[in-house]
Protein chains: 2
Amino acid sequence: MKHIRILLVDDHPVVRAGLRAMLSDFEGVSVAAEAADGDTALKELKRLKALDEAVDVVLMDLQMGAGMDGVTATTRIRLLEEAPQVLILTTYDTDADILAAVEAGACGYMLKDAPPEQIRQAVQAAAAGQTALAPKIAALLMNRVANPAAALTPREIQLLELLATGLSNRAIAKETFISEATVKTHLVHIYEKLGVDNRTAAISVATQRRIIRAPGQ
Amino acid sequence: MKHIRILLVDDHPVVRAGLRAMLSDFEGVSVAAEAADGDTALKELKRLKALDEAVDVVLMDLQMGAGMDGVTATTRIRLLEEAPQVLILTTYDTDADILAAVEAGACGYMLKDAPPEQIRQAVQAAAAGQTALAPKIAALLMNRVANPAAALTPREIQLLELLATGLSNRAIAKETFISEATVKTHLVHIYEKLGVDNRTAAISVATQRRIIRAPGQ
DNA sequence: GGCGGGATCATCCAAACGATTGACCCGGGA
DNA sequence: TCCCGGGTCAATCGTTTGGATGATCCCGCC
């Protein structure tokens, strides 16, 4: 079996050290380089390629403190010539994260609480160009496909975002140039789709499902 | 200098491996054991003590997937005979987390994105019984002392957190075993301190100022 | 051409919320 | 000792929100 060369991308030194230690225990795998953010990751990929030591798999965290975020980085990486596979390894298991990652061209999605053995398998699957999903993630995707009712319209998402900033119905109405009555109608639909019955709960669920960004972020 | 014995508590195998690798590079420090949750941590502490290999410092994550959470675990640990120092090492840097950890008896609070050297220093400070705060955290606390007007009480932060989960006043009252009237009183104070006039705005501002974590996170 | 879904608006009513005022208890510091 | 701040509770009142119902318009699709 071909030797697998890996690039680690995570903003936490601790996590990088952990992955390096973990991966070094596996046969046929080596960590070629590390990066703390997306920009550095791209530079490293180019540098290694120039040295004829191209990377096979990128292990990517989605949540990056500063610099380019994981989804953007994944997109950019997959646009490269002879792009390496990108395997997402993150803490969060929300729908929006996963969908965004898949859209960006990731070939797998694992959670950081996975046991080493699962991570090893995922890396090897990724290197072979196969998809690698954590069991939790697979279940979540199934559930989503089975229940598309929860899809909010763009307009509803827009109002939800304004809602999360703390605006009243009246203020939202002014902001969007519609009547307060219409705002209420939209809110009712939003509540139904999210399975809640008030605005704060809507914000909580929507944030959790990554339908909107966290308030004030 | 005395040799420092450490217990790692984190639900992510990756993070534990990282800390182990990182700490093994330091002189005078060794990882005595690991635990994935609070229960296991307590058992390990007792086991090691029985072997006369008592732990000096517990490195504790606050966010534990299952089992006893970090704050509870910290409380329990600090209640032990000849309790080890507890150093919090987590991803979150919000007031609520920090206050809870300090109340629980933690002697320090570090963030996972800290460079290895900082973690080393923190561990040694902790072992010496000194407090160890990440620069970010220290800044946050300074800001808090400098501007006490905006300082919410622990109780207020607690209600704010419940608020952010989408609970009604009545539900919050039940949850905290106080009357709805008192909940309202607290909310009025919270609104004054945050400079807002409704609950969603309070959540937005509180999230922005890192007084609470983003809803549903 | 009809049908459905999204967006718009309106009215009515009950419940929840926010503002105000006033009060009590307790613990710690001046 | 007294005072103050935090936490607790209550009553009132106006405003906001949420639920229910119904209606119009427009666009894409069968």
Side-chain angles (χ1 to χ4, degrees), chain A residues 147-207 211-212 215, chain B residues 95-96 98-100 102-104 141 144-207 211-212 215:
Chain A
N147 179 21
L152 276 74
T153 68
R155 188 59 154 174
E156 285 163 357
I157 293 179
Q158 184 199 357
L159 289 224
L160 201 44
E161 281 173 336
L162 293 174
L163 195 65
T165 67
L167 296 184
S168 67
N169 290 349
R170 183 167 303 167
I172 295 174
K174 277 191 180 156
E175 191 76 21
T176 54
F177 305 106
I178 60 180
S179 79
E180 213 176 317
T182 308
V183 172
K184 285 188 171 189
T185 306
H186 283 305
L187 290 189
V188 168
H189 293 155
I190 292 170
Y191 297 165
E192 276 172 5
K193 290 182 180 178
L194 295 183
V196 299
D197 63 357
N198 69 69
R199 48 184 60 213
T200 49
I203 293 171
S204 174
V205 170
T207 308
I211 294 168
I212 57 172
Chain B
D95 275 23
I98 301 167
L99 282 185
V102 171
E103 271 176 25
L141 287 183
R144 193 186 170 70
V145 175
N147 180 17
L152 276 73
T153 68
R155 189 59 154 172
E156 285 163 357
I157 293 179
Q158 184 199 358
L159 290 223
L160 201 43
E161 282 178 326
L162 293 174
L163 195 66
T165 67
L167 296 184
S168 67
N169 290 349
R170 182 167 304 167
I172 295 174
K174 277 193 181 154
E175 191 77 21
T176 55
F177 305 105
I178 60 179
S179 80
E180 212 176 319
T182 308
V183 172
K184 285 188 172 189
T185 305
H186 283 304
L187 290 189
V188 168
H189 294 155
I190 291 171
Y191 296 164
E192 276 171 5
K193 290 181 180 177
L194 295 182
V196 299
D197 64 356
N198 68 68
R199 48 184 59 213
T200 50
I203 294 171
S204 174
V205 170
T207 309
I211 295 169
I212 57 171

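Every value quoted in this text rests on a predicted model; they were computed, and no experiment measured them. Numbered from 1 within each chain, the chains take letters A, B, ... in sequence-line order.
By the salt bridge (Lys or Arg N to Asp or Glu O under 4.0 Å) test, A/Arg155 pairs with no residue at all, sequence neighbours left out. Partners of A/Glu161 under the salt bridge (Lys or Arg N to Asp or Glu O under 4.0 Å) rule, at least two apart in sequence or in another chain, do not exist in this structure. Looking at residues two or more places apart in sequence or on another chain, you find a side chain to side chain donor-acceptor pair (under 3.5 Å) between A/Thr182 and A/Ser179. Judged as a side chain to side chain contact (heavy atoms under 4.5 Å, CB included), and not counting sequence neighbours, the contacts of A/Val205 are A/Leu194, A/Val196, A/Arg209.
Look at B/Ser179 and you'll find a side-chain N or O under 4.0 angstrom from OP1 or OP2 of D/dC9. The phosphate of D/dC9 has OP1 or OP2 within less than 4.0 Å of a side-chain N or O from B/Thr182.
A pairwise comparison of heavy atoms in B/Asn198 and A/Gly166 identifies ND2-O, 3.1 Å as the closest pair. Across B/Arg199 and B/Leu167, no two heavy atoms sit closer than the pair NH1-O, 3.3 Å. Nearest heavy-atom pair, A/Ile203 versus A/Leu163, reported as atom, atom and distance to 0.1 Å: CD1-O, 3.8 Å. Looking at every heavy atom in both residues, B/Ile212 comes nearest to B/Ala164 through CD1-CB, 3.8 Å.
Formation of a donor-acceptor pair under 3.5 Å by the B/Ser204 side chain with backbone atoms of B/Thr200 is not found in this model.
Within the 4.0 angstrom heavy-atom criterion, only backbone atoms of the sugar-phosphate kind lie near A/Thr153; the bases stay farther away.
Between chain B and DNA chain C, the heavy-atom contact criterion of under 4.0 Å yields a 5' to 3' nucleotide range of C/dA16 to C/dT20.
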Which atoms of nucleotides 13-20 of chain D (N or O only) lie under 3.5 Å from a protein N or O atom, and what are those distances?
unit_1: D/dT17; atom_1: OP1; unit_2: A/Asn169; atom_2: N; d: 3.4
unit_1: D/dT17; atom_1: OP2; unit_2: A/Asn169; atom_2: N; d: 3.3
unit_1: D/dG18; atom_1: OP1; unit_2: A/Tyr191; atom_2: OH; d: 3.2
unit_1: D/dG18; atom_1: OP1; unit_2: A/Arg199; atom_2: N; d: 3.0
unit_1: D/dG18; atom_1: OP2; unit_2: A/Tyr191; atom_2: OH; d: 2.9
unit_1: D/dG18; atom_1: OP2; unit_2: A/Arg199; atom_2: NE; d: 3.3
unit_1: D/dG18; atom_1: OP2; unit_2: A/Arg199; atom_2: NH2; d: 3.3
unit_1: D/dG18; atom_1: N7; unit_2: A/Lys184; atom_2: NZ; d: 3.2
unit_1: D/dG18; atom_1: O6; unit_2: A/Lys184; atom_2: NZ; d: 2.8

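Inter-residue side-chain proximity for B/His186 and B/Ile172 is flagged as unmet; no heavy-atom pair is nearer than 4.5 Å.
Each end of the helix from C/dG1-D/dC30 to C/dA30-D/dT1 gets its own axis from five base pairs, and the two axes differ in direction by 40°, given to 10 degrees.
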Q: Sugar-phosphate means primed atoms, P, OP1 and OP2; the rest is base. With that split, encode nucleotides 22-30 of chain D 5' to 3' as B, S or - using protein heavy atoms under 4.0 Å.
A: ---------
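Expressed to the nearest 0.5 Å, how far CD of A/Glu175 lies from OG1 of A/Thr165 amounts to 7.5 Å. Distance check: B/Ile190 CD1 to B/Thr153 OG1 gives 7.5 Å after rounding to the nearest 0.5 Å.
Rounded to whole Å, atom P of D/dG7 lies 9 Å from atom CG of B/Leu159.
Sorted by first and then second residue, the salt bridge (charged side-chain N to carboxylate O under 4.0 Å, His left out) pairs with a member in residues 180-192 of chain B read B/Arg170-B/Glu180; sequence neighbours excluded.
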